[in-house]
Amino acid sequence: MTSNRSKLSSLYLLACIYRVMNALAIQTQFDADEYWQCLEPAYCLAFSSDGHGCAFTWEWTRRFEDDGLSGNNTYTSIMHALKGPVRSFLPVLPTYALYVVAKWFRFDTPWIVSRGPLVLNAILVAAPTDLAVVSIARWVTKDHVISKPQLSFFRNELSSVQWWVLIASFTSWFNGYALIRTYSNSMESMLLAVGLAFLCPELAGSTPQYFRFKPASALAFILGGMSLCVRFTAIAAWVPIGLLCCIPKKSLRDKAYTLFVLCAAFGIVGLLIGMFVDRIFYGFWAIPFLGSFHFNVILGKGSLYGAHHALWYFFAGIPAISGALLPLFVLDSAMAIAEKGNRAKSRQILVIIVISYVALHSFSAHKEFRFILPVLPLICILSGHALAAYVIPRIDNLGSANTIRWRRFWLCYAPLIILNYPHLWFLISIHQRGSIEINRTILARIQQLEGRKEIQTSRHSSYYNIHYFLGCHATPLYSHLHLPNVNIDAWTLDCSPQCRSDPNLECESDRFQHDPLGFLEEAYVCGDEGMCRDTPDFFVISGESLSAIVEQELSNVGLIEYTRVIHEMSSVNFAKDALPSISFRHLVLFQDKNLAVLN
């Protein structure tokens, strides 16, 4: 037992070091939800009471509109749940705790507030996921007795399957790009992987008596209930898992006990934990997973944010997130399905979970790569098994024993590195970099202004107004604008479902794109009445084309260009007898003319 704990501790430490390095390397934004569904609500809870800004999106402020119903009857309660918030505070808790501790001990620096949650997520979400896939691989290893690897820091502790599963998880480009971020999908991925690791004995049928299920199995379904609070679509994995636990039981009594006690009862405990957390932070009994189900399934409004073909996940989603692992995943899945008896049972279970999860998600019109992130750890397990069981033995037989290490490096390690890390580096360091860099630039400018004592007599130095004329939630907000003793008020363009779903309304973000000059005149100038809205200290706009159109209008209201930051690559131009030239899109930052004289 001590040896096993020591091995897990060493492996977890390795995973933490790797994932923290992964987190520190990220300088870009993948999708707005990594901030607006975690950092921004946590910031509101921790810092808004001190006068700092707060930005809850519609997902947190959605409420049931009273239509005349009175009383505390069941129907009203259900309506409050269905038409209430769609996001749970459960995945926000780690970031909120970090902010509270940082605030108490007065080390709430801009870096801690903006980057700290990413490092914390690496330790509490990404690293445990890596550890869980290795634990599950130990269960899968029982299907094939495979020799230990010749090249492994843990060669005396990990089987060949476990080692290659760990390598598959570490080198997966999508793990390095998405799992490390503060998404609710990342939290769901961890809960599923860790839950499966706890459930391995139960799924293997090693606890046949109805009264002998292990505490770890009960904990697994508690995690499953919590996962459902995080994202209601987690039901696509946990219902099949529950059925797979029941089917092997021989008697009806065992099946019923497993289904209603182990699966349902402990799953409800997990749900109650999530509901209790939301009761504390919302101040009323909210059931966000029902609100999400109502918005996305009953109303079908998820499609307001994009729609794809029903088979998109199978033909685009899985291939994209799998990357170089796709051939290995397909190979091992096919071999597992083709094999008879108990030899491939564990891998067949993983294939069933992957297919059921992706299939149920395919019914939703709105699809994103990160929505199927929870099955990627399972894909890594199957891919690692394929490497250990089918690829490595053939590579070892290609030549003499003296060159085994080099053959493994060039035929296994090198391809995984080459086919994953280059585009991962591009995505975490260049693509959509401006979303993060623009706020760093604003903070650096504010710190510069705060440091100049001469401004104390000319303006209030501790209040700044920033307007973002970008697309829908194109940047993080207050979590990346935090300065102790400095208050910032930010305005972003509306793109909520209220305007997206109403044909008679046009969202502010769309109106600005269609008629930027008209929108600016409406926002800042009202004819004889003067200014409609206070002129901001800083004004952010996307792209050179739009900035050229509105530059004169902004100058009329007292704003001049301060700087431009690279946002993303727009094109690569190949010319004859010359090196390729790269074009970039920029975010343009304007500032108040009165601030310009303080340079």
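What's counted below: heavy atoms across the whole structure, side chains too, no hydrogens, waters or symmetry copies.
Screening residues 97-108 for salt bridge (charged side-chain N to carboxylate O under 4.0 Å, His left out) gives D50-K103 as the qualifying pairs, with residues at least two apart or on separate chains.
Minimum heavy-atom separation, W36 to W60: O-NE1, 3.3 Å. Of all heavy-atom pairs between N296 and G302, the closest is OD1-CA, 3.6 Å. Annotation for H567 and S435: closest pair CE1-OG, 3.2 Å, computed over non-hydrogen atoms. I112 and P117 get closest at one heavy-atom pair: O-CD, 3.5 Å.
Using a cut-off of 4.0 Å between Lys/Arg side-chain N and Asp/Glu carboxylate O, R370 and E34 are scored as not salt-bridged.
Contact annotation: the side chain of W491 approaches that of E508 to within less than 4.5 Å [non-hydrogen atoms, C-beta and beyond]. With a 4.5 Å cut-off on side-chain heavy atoms, I549 and L517 count as touching. With contacts defined as side-chain heavy-atom distances shorter than 4.5 Å, the pair H431/F426 qualifies.
Of the two cysteines examined, C495 and C507, the SG atoms fail the criterion of being under 2.5 Å apart.
Judged purely by distance below 3.5 Å, without hydrogens or angles, the side chains of Y524 and H467 pair a donor atom with an acceptor atom.
Figure legend: cation-pi geometry between R231 and F371, with NZ or CZ positioned under 6.0 Å from the six-membered ring centre and within 45° of its axis.
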